[in-house]
Amino acid sequence: MTDSQALASAAEGHHDRIEQLLSAMSREEKLAQLQIRYHPDPERAKELVRGGIGSVFWPGNVPQTNELQRIAREETAHGIPLLMGLDVIHGIRTIFPIPLASAASFDPAVAETDARVSAEEARSGGINLTFAPMIDVSRDPRWGRVAEGFGEDTYLTTVLGTAKVRGYQGESLAAPTSIAACAKHFVAYGQGEGGRDYNAVDTSWYRLRNVYLEPFRAVVEAGVGSVMASLNSVSGRPMHANPELLTGVLKEEWGFDGPVVGDADAVLNLVNHGVAEDEHDALVLSLASGLDIEMGGHVVAADGTTSILPGELTDERIDDAVRRVLQLKVRLGLFENPYVDAAAELDAPTQQSRSAALRAAERSIVLLKNEGGLLPVKPAQRKVLVVGPYADSTDHNGAWVMSFGFETTSTINAALRDLLPDSEITSCEGATFFGSNPALQEEARAAAADKDFIIVTVGEPSALSGEASSRSDLRLPGDQEALIHAIADTGVPFAVVLANGRPLVTSDWIARAPAVLEAWHLGTEAPAAIANVLSGAVNPAGRLPMSFPRASGQIPIYYDHENTGRPASVGGTLDQEEIDIGVVGPNNLDDRFTSKYRDLELGPEFEFGHGLSYTDFQHAELTVEPRSLALDALRDGELFTVSVAVSNIGDRQGDEVVQLYVRDAVATLARPVRQLRGFSRVALEAGASENVTFSVGWEDLGFWHGTERDGDFAAEPGTFELHVGPRLDATTELTVEVTR
Ligand code: BGC
């Protein structure tokens with residue numbers, strides 16, 4: 001038998017097994033498969049499994065995992081193994097950078113490695129399904145869950161989300177090192193009004209298609225095992241009761257054949273949304289809409305009873321949902337081997353996983369500002385003070401880690417001492433995350449007096465980001481801003497290290513801080529990675545995956561906005577003198593009636609894609625071939641090839657992130673002023689050069705048209721601008737023509 005014959009016959013065998021099971025199962029047994037539940041009490045968990053539940057949350061250890069699988073296999077009528085799910089978001093034993101930080105690496109390998117290591121560790125303990133990746137594009141940093149996603153850009157989210165799915169699922173889901181991914185949250189969860197978690201979303205098909213649906217379409221194409229519905233409503237229809245999107249787009253249009261998983265108790269939440277009268281109504285509505293697994297365990301009780309009456313759901317819908325669940329179990333190889341070997345469990349980081357996490361963390365750090373090449377810390381600066389609530393903090397693992405035995409991290413202070421044994425390093429707290437403590441600030445001032453260099457470590461504790469952690473004010477909490485001012489007042493050179501899970505508003509202090517490093521929540525190896533970058537052992541090259549606003553009132557702010565009919569060229573200032581002489585508004589009359597805030601400079605504090613290096617790069621010889629293509633040729637797959645020569649003209653090794661943005665100059669609908677369509681992170685020794693090329697085709701120049709669901713994807717003839725460079729504010733422009 002050839003390989004493909006073997007695969008075909010295996011697929012046929014699986015198909016037969018699923019159909020046989022379906023014909024042997026009662027309605028209640030089928031419905032019992034359509035739920036997942038966590039129960040902390042092991043005896044209650046066993047009861048649920050004996051009652052035929054299809055999926056459970058991972059019970060936390062191998063013996064219980066095996067026991068639950070044994071009960072499912074040996075003590076239930078059909079011996080169907082269990083899906084064991086857990087939120088393995090950026091690691092389970094070895095913790096990788098939060099996804100927002102990993103997006104800052106502009107390196108799909110970082111996301112893929114995180115997922116691969118996570119999958120190996122998770123599956124070795126019996127987990128076979130993770131509720132990740134989160135691919136909710138969000139332009140609102142008030143939303144705490146931006147920590148879990150890849151930021152504001154659809155393209156970057158798509159590339160990294162797909163990489164993460166590849167990493168989790170590996171070559172084959174049945175491998176003992178693979179777990180099924182669950183792309184979440186479907187859909188537009190990142191646009192909740194006011195950045196408040198779970199809030200309503202009202203959006204157009206134009207934006208749904210071009211911004212929010214695109215990453216999901218890509219991971220479905222890449223074979224993602226499951227998809228989770230989101231907790232928000234879209235244009236009045238809660239996603240757990242949204243047949244148009246769950247069934248119409250996801251399943252019918254895209255051909256997704258895995259299960260759609262509900263979010264925690266979100267089916268019951270339909271009652272609060274006001275679209276279901278009670279639990280029973282909510283269950284029927286969501287399953288009929290296309291949900292396949294209810295998260296909460298309300299479909300069938302452990303005693304086998306259900307409130308869903310015969311005829312309330314069609315047999316076809318029930319069979320379709322069960323088929324999706326069984327198929328995933330088959331793909332995971334659970335019928336052949338549902339058990340795991342306790343002796344082989346990877347229950348702690350290995351040397352290899354640690355170095356992968358260290359590399360990921362180093363690659364995720366962004367140098368936001370570095371006046372006069374202040375960083376890295378110079379060897380002559382021997383007396384160093386590490387000050388701030390993050391100096392001796394171990395809060396580097398981020399918001400989404402589960403309490404299943406990951407280790408506490410070291411601290412920035414300890415890591416610097418390890419790395420710089422010849423320096424004299426001292427630390428103090430200086431400020432608190434909550435409230436204010438003037439005595440700490442006094443102590444910091446005194447400690448600063450005789451130092452050569454000060455590292456101010458401030459940020460947002462991880463408990464303030466993640467789920468249900470929206471914030472209305474994105475400045476540093478507590479009295480941390482005052483600490484930065486106090487240190488600046490001492491006149492000692494200093495750098496700020498930020499540890500946080502979302503873009504922050506830095507305008508109160510940014511002008512006074514000569515150097516700023518964005519270090520997010522970077523996981524197990526965070527302190528070592530930060531120390532390596534501060535000392536210069538590693539040259540930072542991360543780029544921001546989300547804009548940092550100047551003020552919270554400026555949100556949503558994102559780089560790929562439409563131009564408006566009245567774009568502003570000058571920022572607004574409220575100037576008393578001008579008001580006195582009767583000039584109301586900004587200081588430039590020509591720019592009076594334009595789209596801006598009267599009291600704010602234009603644009604964000606730090607833009608999407610921003611990031612510096614300890615070395616300098618030069619971009620030259622930007623070319624594109626051909627200069628023009630016919631629309632038909634473009635549709636048939638012909639490409640523009642863009643090329644740029646990048647040189648490291650500084651005196652040390654470094655990575656450059658070359659970014660390619662497009663703009664459709666004139667189209668039938670208003671298009672974004674820039675759209676990321678390619679990026680490449682290249683490592684260059686001092687003095688070295690490399691040619692970087694990008695292909696730009698139909699997919700890159702086209703967009704989803706129409707305000708109705710069935711709008712098509714197409715590029716339009718006309719002029720396209722291509723902008724290439726290391727950052728949005730340093731690009732070079734070329735144009736190409738697409739002819740009729
Ligand atoms: C979150 C999901 C998560 C689920 C299970 C929910 O509250 O919204 O993202 O997968 O809990 O932990």
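Throughout, numbering of the chain's residues begins at 1 and tracks the sequence. The structure displayed is predicted, hence computed values, not measured ones. Numbering of ligands and ligand atoms starts at 1, following listing order.
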- V322 and M25: which non-hydrogen atoms are nearest, and at how many Å? CG1-CE, 4.3 Å
- Task: Take R142 and D473 through the test salt bridge (Lys or Arg N to Asp or Glu O under 4.0 Å) and record every step on the way to the result.
- Result: CA-CA 8 Å; R142 290 172 298 183; D473 178 357; over 6 Å; no
- Establish, yes or no, whether the cationic atom of R93 lies under 6.0 Å from the six-membered ring centre of F406 and within 45° of the ring axis. no
- Task: Write down, by chain and number, every protein residue that brings a non-hydrogen atom to less than 4.0 Å from an atom of ligand 1.
- Result: F57, D87, F131, R145, K184, H185, M228, L231, D263, A264, M295, W400, E467
- Message: Quick test of your reading of the model: are R50 and E67 salt-bridged, counting only N-O distances below 4.0 Å?
- Response: no
- Query: Strictly under 6.0 Å, is that where the ring centroids of W143 and Y189 end up?
  - Reply: yes
- Answer yes if the ring centres of H39 and F57 are under 6.0 angstrom apart, and no otherwise. no
